[in-house]
Structure formats: C-alpha cells, structure tokens
Amino acid sequence: MTEHVDRSDTEVPAPSAPAAVTPADAADAARLVAFGLQPKLQPARDQEYTELLRRYREDPPFARLADAVAAGLGLIVLEVSPRAGMAVTAAEDSVFAVRMGDYARRTSADGGDRFLHGLAHLAVAAMAFPRPEDLADDGYIGRVTVNGVDAFVRQACRRLEERAEEQGENTDPATDAPGLEAAWRIWMRRSAAGATKDARRLAGSTTGIVGKAVAFLTDSGFLQRTGDDNGGTYRTTARYQLQVRDMAGSAAMAELLELGVVPVTDGTPTLLPPEDADDLHLAADAGLPFHSSSPS
C-alpha cells in the first residue's frame, strides 16, 4: 500500500545566511575608497583599481561595504564607473573637506581675497558647463581658459552695474559687503593681470586668482591642462562634472543663473535654481568645491 505524503507539511529549506564579511573584504573596500581619494589616478592604468571597480559593480554586498566605508569617512559617493573611478566628494563634516579658509592659506591669499577666490571657482564651474544639457551629458568635455574666466566675470560685473544703475542702487558697496554683486564689483576694481619685474602674473590680480583656482582644480583631478594660450587652457574631467552636478543647486549658482549670464535653454535641467530658494546671497566662504567654514 502506497503511503500518502502531504506536501503541505514538507519543510521548506531556510534561506541561506549571507556570507560573513571577512577582514579581507573590509580591506578591499577600504582600498577602493583609497583609490577614490587619488583623483588623478586613472582606473585604466591600474589593474587592481579596475578589478575593485568591477567587483563593486558586480557584487552588491561588496558595494554596500565600500559605501559604508566611505560614509564612515564622511565621503559621499557620486559615481563608481570605469570613466570616473570611485568618485567621491567630502561632506561638510568630513576630515577630507576643503574649506575656503584652508584653500586661501594654501595659496597665500589674505582674508580679503577669499571672497574673490570663491568667485573664481564658481565662474570656472559655470564656464566649464555653460548649458544645463552639457552638465547632464556624460560625454561632454568642457574647456576653459584663465583669461576667458576673467573676461566672463568682468562681463557679468558690467551687467550687474547696469542693473544697479537702472534700479538706482548704490554702485559702490563696502569691500567686505556680502552678496554676489559686491564680489563682482570688487573684482572689477582689481587689476586683470599686472606683472612682476620678471613679467610673471601678479598673484593678487584677477587672472592670478583664476590661475590659482585652475591649478588647484588640476591638482585635485578636476581639470587637465592642455596648453598655454590665453593664460592657460584646460579641459574638464568626469570627476569635475560630477562635482559640479553635486553643487549645482547651491544658492551661489542660482544667483549666477538669475543674471542671465549662463544660457539656459529648455528650463528643466539641474542648473536651474531651486524653486524655494529665498536667500540667493553668496556666503563669504562659498565657492566650488569648498564648504563654508564651521561657525566658531
């Protein structure tokens, strides 16, 4: 006699537990983040980096582990891909965050010039990706020159002066007054180039300030120098595009767009100012890719 087997009582195997994270896994994840902190390193030129990127894309538990390591260091993962590597940016409270005050000390700028250095970085970002669709296109490569950035800021300054005259506003604000208009007016007063006795560009001139900005961005893996024309020519990297995308919603960028200096076409992409942006003043420590200094 055949015995009836009730399939409903058959035990269903319990799902297997996820594999435990090993010290080797943690070391590999930290190694990947360490690669990401070397912005000038190209994945295609390092076999270990390429392999860790592949593992990140194909092994979700490893990707989560690498993300957790980055988060623990105060880093935000912008993208992990063969084109950009592990592109990270520092959160405001990260030990890796660069603040305008720190940058100014690196470039030997005095306190009064920090505002102008922040403006230079903002202008480089706006010129590198002049249209919203350029910022959204992964294949787009922006190109800037030192003299071009300076001319761009001066053109914007003239537009601001015209607007102020039309509205009957004071056209001679105090040097330390906050706001984008004040910064551009101060820029206009500064010599464009000047020169030392050996014909070098004056560090405190506006092209000198832009030169320091693009040199910093080049050292940080955001730009690549391509020539010496027009004070120095540069092209953008995938990392810089990601960085600008991340910062494009800032109030400073929104104020720049309000001037109509940067062309906006269909009115939809990332570079549009946020709808609820009530305060569009440029904070004294603002500027790509920096964070404001913590209040004392």
Side-chain angles (χ1 to χ4, degrees), residues 32-43 49 53 66-67 70-71 73-100 102-104 106-107 117-144 146 149 152 210 212-226 234-257 262 269-274 282-283 285-293:
L32 178 57
V33 175
F35 279 128
L37 289 169
Q38 302 176 60
K40 298 178 77 172
L41 179 62
Q42 297 181 17
Y49 195 2
L53 290 172
D67 288 344
L73 293 171
L75 299 171
I76 300 168
V77 179
L78 300 177
E79 181 176 299
V80 180
S81 67
R83 80 177 186 117
M86 186 168 197
V88 296
T89 188
E92 187 171 356
D93 58 351
S94 173
V95 67
F96 297 103
V98 178
R99 290 172 172 78
M100 180 53 73
D102 301 329
Y103 169 79
R106 291 186 194 180
T107 58
H117 280 276
L119 178 56
H121 279 272
L122 181 64
V124 171
M127 284 205 71
F129 303 100
R131 300 175 303 171
E133 57 265 37
D134 298 335
L135 192 59
D137 180 1
D138 287 347
Y140 181 81
I141 296 176
R143 290 175 172 80
V144 298
V146 169
V149 171
F152 165 73
V210 175
K212 288 180 179 180
V214 294
F216 173 84
L217 292 171
T218 301
D219 289 342
S220 301
F222 293 133
L223 297 178
Q224 294 176 344
R225 188 178 179 103
T226 58
Y234 300 81
R235 56 177 283 174
T236 60
T237 65
R239 281 175 171 265
Y240 191 46
Q241 186 179 51
L242 293 169
Q243 179 80 33
V244 176
R245 281 180 190 170
D246 185 59
M247 300 290 287
S250 69
M253 186 69 84
E255 189 171 357
L256 177 66
L257 286 172
V262 178
T270 313
L271 273 178
L272 279 181
L282 176 62
D285 286 318
L288 297 170
F290 305 104
H291 294 288
S292 297
S293 298

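Remember, predicted model here, so these are calculated numbers, not experimental data. The first residue of the sequence shown is numbered 1, and numbering continues consecutively from there.
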- Message: Would the distance check show the side chain of Ser94 and the main-chain N or O of Leu73 forming a donor-acceptor pair, the cut-off being under 3.5 Å?
- Response: yes
- Task: For Asp67, enumerate each residue passing the salt bridge (Lys or Arg N to Asp or Glu O under 4.0 Å) test, keeping only those at least two apart in sequence or located in another chain.
- Result: none
- Residues passing the side chain to side chain contact (heavy atoms under 4.5 Å, CB included) test with Thr237, sequence neighbours excluded, are Gln224, Arg239, Tyr240
- With Arg225, which residues qualify under side chain to side chain donor-acceptor pair (under 3.5 Å), at least two apart? Asp228, Tyr234
- Message: Nearest 0.5 angstrom please: Phe96 CZ to Leu37 CG, how far?
- Response: 5.0 Å
- May I ask you to decide if Phe222's main-chain N or O and Ser220's side chain share a donor-acceptor pair within less than 3.5 Å? no
- Smallest separation among heavy atoms of Ala238 and Ala84, with atom names: CB-CB, 4.0 Å
- When every non-hydrogen atom of Val124 is compared with those of Val144, the smallest separation belongs to O-CG1, 4.1 Å
- Side chain Gln241, main chain Asp137, donor-acceptor under 3.5 Å: yes
- Item | Residue pair Val244 / Ala125: nearest heavy atoms and the distance that separates them | CG2-CB, 4.0 Å
- Mind checking whether Val80 and Val77 have side chains closer than 4.5 Å, heavy atoms only? yes
- Do Arg235 side-chain atoms and Ile141 backbone N/O form a donor-acceptor pair below 3.5 Å? no
- Message: Can you tell me how far apart CG (Leu53) and CZ (Phe35) are? Round to the nearest 0.5 Å.
- Response: 9.0 Å
- Nearest non-hydrogen partners of Ala128 and Tyr140, listed with the distance: O-CE2, 3.4 Å
- Task: Looking only at non-hydrogen atoms, find the nearest pair between Val149 and Ala120 and report the distance.
- Result: CG1-O, 4.4 Å
- Yes or no on side chain to side chain contact (heavy atoms under 4.5 Å, CB included) for Leu75 and Thr89, after CA distance, side-chain angles and deciding distance? CA-CA 6 Å; Leu75 299 171; Thr89 188; over 6 Å; no
- Note on the structure: In this structure, CG of Leu135 is separated from CG of Leu242 (nearest 0.5 Å) by 9.0 Å
- With sequence neighbours left out, the residues meeting salt bridge (Lys or Arg N to Asp or Glu O under 4.0 Å) with Arg83 are Glu79, Asp138
- Message: Set out, in order, the CA-CA distance, both residues' side-chain angles and the distance that settles side chain to side chain contact (heavy atoms under 4.5 Å, CB included) for Met86 and Tyr49, then state yes or no.
- Response: CA-CA 9 Å; Met86 186 168 197; Tyr49 195 2; 4.1 Å; yes
- Value for CZ (Phe216) from NE2 (His121), rounded to nearest 0.5 Å, stands at 6.0 Å
